[in-house]
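Single-structure report; data block below.
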Amino acid sequence: MEDYVYVLDYFPQGSNLSKKESTCYAVGESEFKLFEIALKKDVAVNLEDKIYVGKDPNLRKEIDRVKRRIGYSNLTNTAVVTLEYVVRNIVTQDQKKFIRFYNESQPVGQRKHMLEELPGLGKKMMGDILSARSAGAFKDFEDLRLRVSTVKDPIKLIVKRILQELSEDNLRRYIFVVRNERQ
């Protein structure tokens with residue numbers, strides 16, 4: 001369940017689908033679910049704003065209701081561009097959660113390791129990460145960068161995977177994005 005979302009695009013006069021009320025597209029902070037949200041009357045939001053969408057109505061300052069889940073293909077060009085920045089910020093702010101992937105990922109078969117699911121990460125880089133990790137868990141992304149010279153931007157690798165999981169419907173595994181059948 002998402003408690004907070006980040007605004008990806010804002011339609012003060014309503015979206016193409018609903019012209020009656022002020023709406024926005026947003027991405028969830030913890031499960032990366034995509035939403036169309038109806039805003040309260042006379043409320044304006046900005047791109048990348050973090051807003052509460054959880055169950056407590058007293059904390060719902062900006063939103064009237066969550067209208068529906070949407071898929072990546074429903075996003076506007078503005079939302080797609082903003083999504084990359086927002087996802088990078090989420091990953092950067094919650095390093096503890098995402099560094100855990102580098103520390104705890106395991107093989108998923110005889111020939112493939114979960115680390116290889118990250119776009120741009122191949123066997124050599126995977127071997128370097130596993131070798132460095134055997135000396136102790138990575139504390140944060142900077143520690144990973146310092147200990148594994150072949151990994152220049154560990155945040156970018158995770159962001160690319162999250163964007164891939166959001167935009168592609170036929171992946172074998174979804175590591176970071178919670179999927180549902182209605183997308």
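Because the structure is a prediction, the values reported are computed rather than measured.
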Within a strict 4.5 Å, meaning less than it, do heavy atoms of the Y102 and L157 side chains meet?
yes

Taking NZ in K40 as the centre, count heavy atoms belonging to other residues, nucleotides or ligands within less than 6.0 Å. Is the count above 12?
yes

According to a 4.5 Å side-chain heavy-atom criterion applied to Ile, Leu, Val, Met, Phe, Trp and Tyr, with indirect links allowed, do Y25 and V27 form part of one hydrophobic cluster?
yes

Can you measure from CD1 (I162) to CG (L83) and round to the nearest 0.5 angstrom?
9.0 Å

Below 4.0 angstrom, N of the basic side chain to O of the carboxylate: do R60 and D56 qualify?
no

State whether the number of non-hydrogen atoms from other residues, nucleotides or ligands found under 6.0 Å of K50 atom NZ is greater than 12.
yes

Are K160 and D153 close enough for a salt bridge, meaning some N to O gap below 4.0 Å?
no

Heavy atoms from other residues, nucleotides or ligands near CZ of R173 exceed 12 (cutoff 6.0 Å):
yes

Check: R147 side chain, G136 main-chain N or O, donor-acceptor pair, under 3.5 Å
yes

What pair of heavy atoms forms the shortest contact from Q95 to T92, and how long is it?
CG-O, 3.1 Å

Are L118 and V108 connected in a single hydrophobic cluster, I mean Ile/Leu/Val/Met/Phe/Trp/Tyr linked by side-chain heavy atoms less than 4.5 Å apart?
yes

Do the non-hydrogen side-chain atoms of D3 and Y52 ever get within less than 4.5 Å of each other?
yes

Work out which heavy atom in V86 is nearest to a heavy atom in V7; give both atom names and the distance.
CG2-O, 4.5 Å

Using 4.0 Å as the upper bound for N to carboxylate O, is an ion pair formed by R88 and E84?
no

Could you tell me whether the side chain of V148 reaches within less than 4.5 Å of the side chain of F138, counting heavy atoms only?
yes

When rounded to the nearest 0.5 Å, the distance separating CD1 of I37 from NZ of K67 is 10.5 Å

Could you check if a side-chain atom of L171 sits within less than 4.5 angstrom of a side-chain atom of R161, using non-hydrogen atoms only?
yes

Between F98 and F141, does the ring centroid distance fall short of 6.0 Å?
no

Can you measure from CG (D94) to OG (S30) and round to the nearest 0.5 angstrom?
9.5 Å

Could you go through the side-chain contact (heavy atoms from CB on, under 4.5 Å) check for L115 and L130 one step at a time?
CA-CA 9 Å; L115 286 168; L130 294 176; 3.9 Å; yes

Any side-chain heavy atom of N46 within less than 4.5 Å of one from E48?
no

Quick check: closest heavy atoms across P119 and Q164, and the distance to 0.1 Å?
CG-OE1, 3.4 Å

Note: L39 and Y10 closest approach over all heavy atoms is CD1-CE1, 3.4 Å

Does the E21 side chain pair with the main chain of A38, one donor and one acceptor, at a distance under 3.5 Å?
no

Smallest separation among heavy atoms of E2 and V53, with atom names
O-CG2, 3.7 Å

Within one Ile-Leu-Val-Met-Phe-Trp-Tyr cluster: M114 and L121, side-chain cutoff 4.5 Å:
yes

Treating E165 as the side-chain partner and I175 as the backbone partner, does any N or O pair qualify as donor plus acceptor under 3.5 Å?
yes

Please report the interatomic distance CG(N103) to NZ(K139), rounded to the nearest 0.5 Å.
11.0 Å

Between S105 and R133, does the side-chain contact (heavy atoms from CB on, under 4.5 Å) criterion hold? Intermediate values first, please.
CA-CA 11 Å; S105 60; R133 156 175 122 173; 3.5 Å; yes

Linking I/L/V/M/F/W/Y whenever their side-chain heavy atoms sit closer than 4.5 Å, directly or via other members, would I99 and F32 fall into one cluster?
yes

Does the side chain of F35 come within less than 4.5 Å of R68's, by heavy atoms?
no

Do R172 and K112 touch side chain to side chain, with heavy atoms closer than 4.5 Å?
no

Taking N74 for its side chain and G71 for its backbone only, find out whether a donor-acceptor pair lies under 3.5 Å.
yes

Going hydrophobic residue to hydrophobic residue with side-chain gaps under 4.5 angstrom, can you get from L75 over to I90?
yes

Knowing that exactly one of I158, L166, V87, V159 qualifies, which makes a side-chain contact (heavy atoms from CB on, under 4.5 Å) with F176?
I158

Taking K96 for its side chain and Q93 for its backbone only, find out whether a donor-acceptor pair lies under 3.5 Å.
no

Rounded to the nearest 0.5 angstrom, the CG-OG1 distance for L47 and T82 is 4.5 Å

Check for a donor-acceptor pair, side chain of Q106 on one end and backbone N or O of E104 on the other, with a separation under 3.5 Å.
yes

d(Y72 OH, L163 CG) to nearest 0.5 Å is 6.5 Å

Among T76, V80, V81, the one residue meeting side-chain contact (heavy atoms from CB on, under 4.5 Å) with T78:
T76

Scanning both residues in full, the closest heavy-atom pair of S22 with V43 reads OG-O, 4.1 Å

